[in-house]
Amino acid sequence: MMSLALFYILAGLLVVAALTVVLQRNVVYCAMALIAALFLIALLFLTLHAPLIGVLQVLIYAGAIMVLFLFVIMLLSPSAMEQRRGWWSLGGVAALLLGATLIALMAGREPPEGPVPAIELFGSPEMVGKSLFTDFILPFEIVSVLLLVAIIGAVVLAKRGP
């Protein structure tokens, strides 16, 4: 019962952080709210008894990727990146369609009785490594090349100067 209450608390905070990312006009505040959302996702992984995935979430996304985002935001001047309100109608329609689809998918489902059986080694380093280097080797290599290109681009932009 306590874990269900903890889940609802974390999920509620996560929804608030995600809405802050979308609704905030200042991009620096958006980035900070995104970091909070990523930390909350890591806490949800910890409640699923997957500490490796939670730690990787913090290290990779909340750490490295967000530092890169903030570097680009500060490089491009936050005032020049203010969000425009013109896309609100398209975003609202997309959100309503997504919500309707999720409600339709979940309407016919019954919640499971008792705990859902988890894979014994879910989130363990062995399972993550095996999955990463067998099933997901191509996406892993593509992401590594994209990150290398992003790093080279950041260095070139930083060397060019104002």
Side-chain angles (χ1 to χ4, degrees), residues 1-119 122-123 127-128 131-132 136 139-140 142-144 146-147 149-151 153-154 157-158:
M1 190 63 170
M2 180 60 180
S3 65
L4 187 61
L6 181 63
F7 170 77
Y8 283 128
I9 291 169
L10 290 174
L13 290 172
L14 180 59
V15 168
V16 169
L19 285 173
T20 303
V21 170
V22 175
L23 298 176
Q24 186 60 246
R25 287 190 61 107
N26 187 328
V27 291
V28 176
Y29 293 149
C30 288
M32 292 303 176
L34 184 57
I35 290 172
L38 293 171
F39 273 112
L40 289 165
I41 291 171
L43 289 175
L44 285 173
F45 278 122
L46 291 177
T47 62
L48 291 172
H49 304 292
L52 177 70
I53 306 295
V55 168
L56 289 176
Q57 175 80 20
V58 171
L59 287 177
I60 294 172
Y61 291 109
I65 302 298
M66 286 310 299
V67 167
L68 182 65
F69 280 3
L70 287 174
F71 173 74
V72 169
I73 287 170
M74 294 302 167
L75 184 69
L76 296 178
S77 170
S79 61
M81 297 180 65
E82 292 260 334
Q83 295 178 359
R84 292 190 173 86
R85 298 283 185 197
W87 291 92
W88 277 91
S89 58
L90 179 63
V93 169
L96 288 174
L97 286 174
L98 178 65
T101 303
L102 289 175
I103 290 171
L105 287 174
M106 298 304 286
R109 301 223 173 164
E110 292 291 325
E113 294 183 25
V116 178
I119 299 173
F122 171 74
M127 289 300 292
V128 171
S131 177
L132 186 63
F136 297 102
F140 179 75
I142 290 171
V143 167
S144 67
L146 285 174
L147 286 174
V149 168
I151 290 169
L157 285 174

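One-based numbering along the sequence shown. When reading the values below, keep in mind they use all heavy atoms of this one structure, side chains included, and skip hydrogens, waters and symmetry mates.
For I65, the side chain to side chain contact (heavy atoms under 4.5 Å, CB included) partners are I60, Y61, F69, L147, not counting sequence neighbours. Residues satisfying the ring-ring contact (aromatic ring centres under 6.0 Å, His included) test with F136, not counting sequence neighbours, are none. The side chain to side chain contact (heavy atoms under 4.5 Å, CB included) test applied to L46 returns L43, P51, not counting sequence neighbours.
A pairwise comparison of heavy atoms in T101 and L97 identifies OG1-O, 2.8 Å as the closest pair. Annotation for A37 and L14: closest pair O-CD1, 3.3 Å, computed over non-hydrogen atoms. In terms of heavy atoms, V58 sits closest to A42 at CG2-CB, 3.5 Å. Minimum interatomic distance between Q24 and C30 (heavy atoms only, all atoms of both residues): O-SG, 3.1 Å.
Looking only at side-chain heavy atoms (C-beta outward), I9 and L13 come within less than 4.5 Å of each other. Between Y29 and T20, every side-chain heavy-atom pair lies at or beyond the 4.5 Å cut-off. Contact of the T47 side chain with the F7 side chain is not registered, since no non-hydrogen atoms from C-beta on lie closer than 4.5 Å. The shortest distance between side-chain heavy atoms of L52 and L56 falls below 4.5 Å.
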Exercise. Go through the steps to decide whether L48 and L44 satisfy the test side-chain contact (heavy atoms from CB on, under 4.5 Å), and finish with yes or no.
Key: CA-CA 6 Å; L48 291 172; L44 285 173; 5.8 Å; no

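Note: M66 CE to I35 CD1 = 4.5 Å, rounded to the nearest 0.5 Å.
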